[in-house]
Amino acid sequence: PVAPGPGMTANHKTVPTPGASSQKYIGKYLDMSKLKTALFFDGDVTDHIGKLTASEKGTVEYKDGYFGKAVGVYNGYVSLPELKFGTDSFAIALWMKKTNLEERNPWDPVIFGNKDWNVGANPGFVLSEWTGETRFNVANGSTRTDVNTDFFEGYEADWTHIILSVDRKTNKAKIYYNFSCMADAALDSSFSGMSFDTGLPFNLGQDGTGTYVHKTDSLFDDLLVFNGAITDDQIQGLYCYYFGKDVPVKPTVPTTKPTTKPTTKPTTKPTTQPTTQPTTEPTTQPTTQPTTEPTTVPPTTVPPTAEP
């Protein structure tokens, strides 16, 4: 992937979301079994992989997205109460585009989360917008960690792809913009083994209460939630899917050949040929044809054909 920056999606024109029968279908680029949910927002909030149920709250609107349609949540939000994280690693990816720049909210509206965002130390997590940056916040009721990540200049004009990846084994969070890692931060050690779930649902465009006063004017498209922290291969797959590139084929053949050939051929030939041929010819020929015609009759041609 290229480094993020202004203009990366400037010439992008909305086309329909590639269907399952298309060669450009997302399943050609990603292992869909690794997803918890996939919402494309093409006029509704249906989970494309059928694992969870999402619902519209308030009034949401659908406008041209990165692919197909995108959802606007200024007067509503999308709720996924069945989406849980527990103590597992996870990643959340989506496209975001600012719309109403002149009346932009200068505060910290929620992109997605499952906590009461009125107090940052409340249990749970959110990813929120701030002036020119995002803020990932996670807390346990007393201790909090905030990861602030600056956007690149000019991001408001185009679609920006955002990934939040949380690795519970390493206790780290990473933020990606347009498929490049922009932040890699350690979480507070007190969060180790802590469930990231709360008694509130996971919402897109709102905090877990659904009543946070500051609202986002952004459009969102293609919400993907991964089981496990995102991998380099998955990031590469997403990049190729969205930009119409072929996924690089990994050189799997060179890694198998060196392990098979050296172990089979060197061990078979040296044991069969040296032990059979050297023992037959020296014992037969020297006893039948002594030292009479060594120069006239070759030891391997005439005797074998005459004696049988």
Side-chain angles (χ1 to χ4, degrees), residues 1-5 30 34-37 80 83-96 107-153 155 160-204 207-208 212 214 216 223-239:
V2 298
L30 286 180
K34 303 296 185 183
L35 297 178
K36 288 176 175 283
T37 189
L80 294 94
L83 182 56
K84 304 297 180 185
F85 303 93
T87 59
D88 296 330
S89 300
F90 64 91
I92 303 171
L94 81 172
W95 284 101
M96 184 182 86
W107 296 100
D108 53 355
V110 176
I111 298 174
F112 55 72
N114 67 356
K115 69 182 290 175
D116 180 350
W117 188 220
N118 286 291
V119 177
N122 283 337
F125 72 93
V126 297
L127 184 69
S128 69
E129 298 178 48
W130 194 251
T131 304
E133 64 185 21
T134 60
R135 172 181 292 175
F136 170 59
N137 165 276
V138 60
N140 59 11
S142 57
T143 303
R144 62 186 282 175
T145 293
D146 296 277
V147 181
N148 293 4
T149 310
D150 290 339
F151 278 117
F152 46 86
E153 185 179 353
Y155 82 97
T160 301
H161 194 268
I162 301 172
I163 303 172
L164 163 69
S165 181
V166 179
D167 190 329
R168 301 303 306 276
K169 292 179 181 177
T170 62
N171 204 35
K172 283 189 170 185
K174 293 182 179 181
I175 302 291
Y176 297 80
Y177 294 155
N178 288 352
F179 314 102
S180 292
C181 185
M182 306 300 291
D184 184 351
L187 305 180
D188 192 88
S189 59
S190 64
F191 302 151
S192 180
M194 176 191 84
S195 173
F196 272 33
D197 294 330
T198 65
L200 301 172
F202 176 90
N203 293 329
L204 173 70
D207 71 350
Y212 192 63
H214 302 297
T216 178
L223 174 68
L224 306 175
V225 182
F226 292 79
N227 280 303
I230 201 161
T231 65
D232 290 342
D233 286 346
Q234 289 169 331
I235 293 171
Q236 182 73 56
L238 285 173
Y239 172 79

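Heavy atoms only: backbone and side chains are in, while hydrogens, waters and symmetry mates are out.
Side-chain atoms of Y177 come within 3.5 Å of backbone atoms of T149 as a donor-acceptor pair (strictly under, hydrogens ignored). With hydrogens and angles ignored, the 3.5 Å screen pairs no side-chain donor or acceptor of K174 with any backbone N or O of I163. At least one donor-acceptor pair closer than 3.5 Å links the side chain of Q234 to the backbone N or O of T231. Although no hydrogens or angles enter the test, the distance criterion places no donor-acceptor pair under 3.5 Å between the side chain of T145 and the main chain of L187. Proximity of a side-chain donor or acceptor of K36 to a complementary backbone N or O of K84 within less than 3.5 Å is detected. Counting only distance, with no hydrogens or angles, the side chain of S165 and the backbone of I230 share a donor-acceptor pair below 3.5 Å.
Legend: residues meeting ring pair (Phe, Tyr, Trp, His ring centres under 6.0 Å) with F191, ordered by chain and number and at least two apart, are absent. Annotation: salt bridge (Lys or Arg N to Asp or Glu O under 4.0 Å) contacts of R168 (sequence neighbours excluded): none. Checked against side-chain hydrogen bond (donor to acceptor under 3.5 Å, both in side chains), N171 has no partners two or more places apart in sequence or in another chain. Qualifying side-chain contact (heavy atoms from CB on, under 4.5 Å) partners for S192, counting only residues two or more places apart in sequence or in other chains: none. Residues forming a side-chain hydrogen bond (donor to acceptor under 3.5 Å, both in side chains) with S128 (at least two apart in sequence, or on another chain): none. With sequence neighbours left out, D150 forms a side-chain hydrogen bond (donor to acceptor under 3.5 Å, both in side chains) with no residue at all. Among residues two or more places apart in sequence or in another chain, the ring pair (Phe, Tyr, Trp, His ring centres under 6.0 Å) test is passed with F226 by none. Listed by chain and residue number, D116 satisfy the side-chain hydrogen bond (donor to acceptor under 3.5 Å, both in side chains) test with N118 (two or more places apart in sequence, or in another chain). Every residue meeting the side-chain contact (heavy atoms from CB on, under 4.5 Å) condition with T198, not counting sequence neighbours, appears here in chain and number order: N114, P123, L200. Applying the salt bridge (Lys or Arg N to Asp or Glu O under 4.0 Å) rule to D197 yields no partners; only residues at least two apart in sequence or on another chain are considered. Residues forming a ring pair (Phe, Tyr, Trp, His ring centres under 6.0 Å) with F112 (at least two apart in sequence, or on another chain): F202.
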**Asked** Can you list the steps and then say if Y176 with Y239 is a ring-ring contact (aromatic ring centres under 6.0 Å, His included)?
**Response** CA-CA 12 Å; Y176 297 80; Y239 172 79; over 10 Å; no
**Request:** List the steps, then state whether side-chain contact (heavy atoms from CB on, under 4.5 Å) holds for I175 with L164.
**Result:** CA-CA 5 Å; I175 302 291; L164 163 69; 3.6 Å; yes
**Request:** Could you walk me through whether L94 and I111 pass the side-chain contact (heavy atoms from CB on, under 4.5 Å) test, one step at a time?
**Result:** CA-CA 10 Å; L94 81 172; I111 298 174; 4.2 Å; yes
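Atom CG of N137 sits about 9.0 Å away from atom CG of N122, to the nearest 0.5 Å.
Below 30°, between 30° and 60°, or above 60°: for Y155 and F152 the angle between ring planes is above 60°, a perpendicular geometry.
A side chain to side chain donor-acceptor pair (under 3.5 Å) with Y212 holds for exactly one of D108, N203, D207; it is D108.
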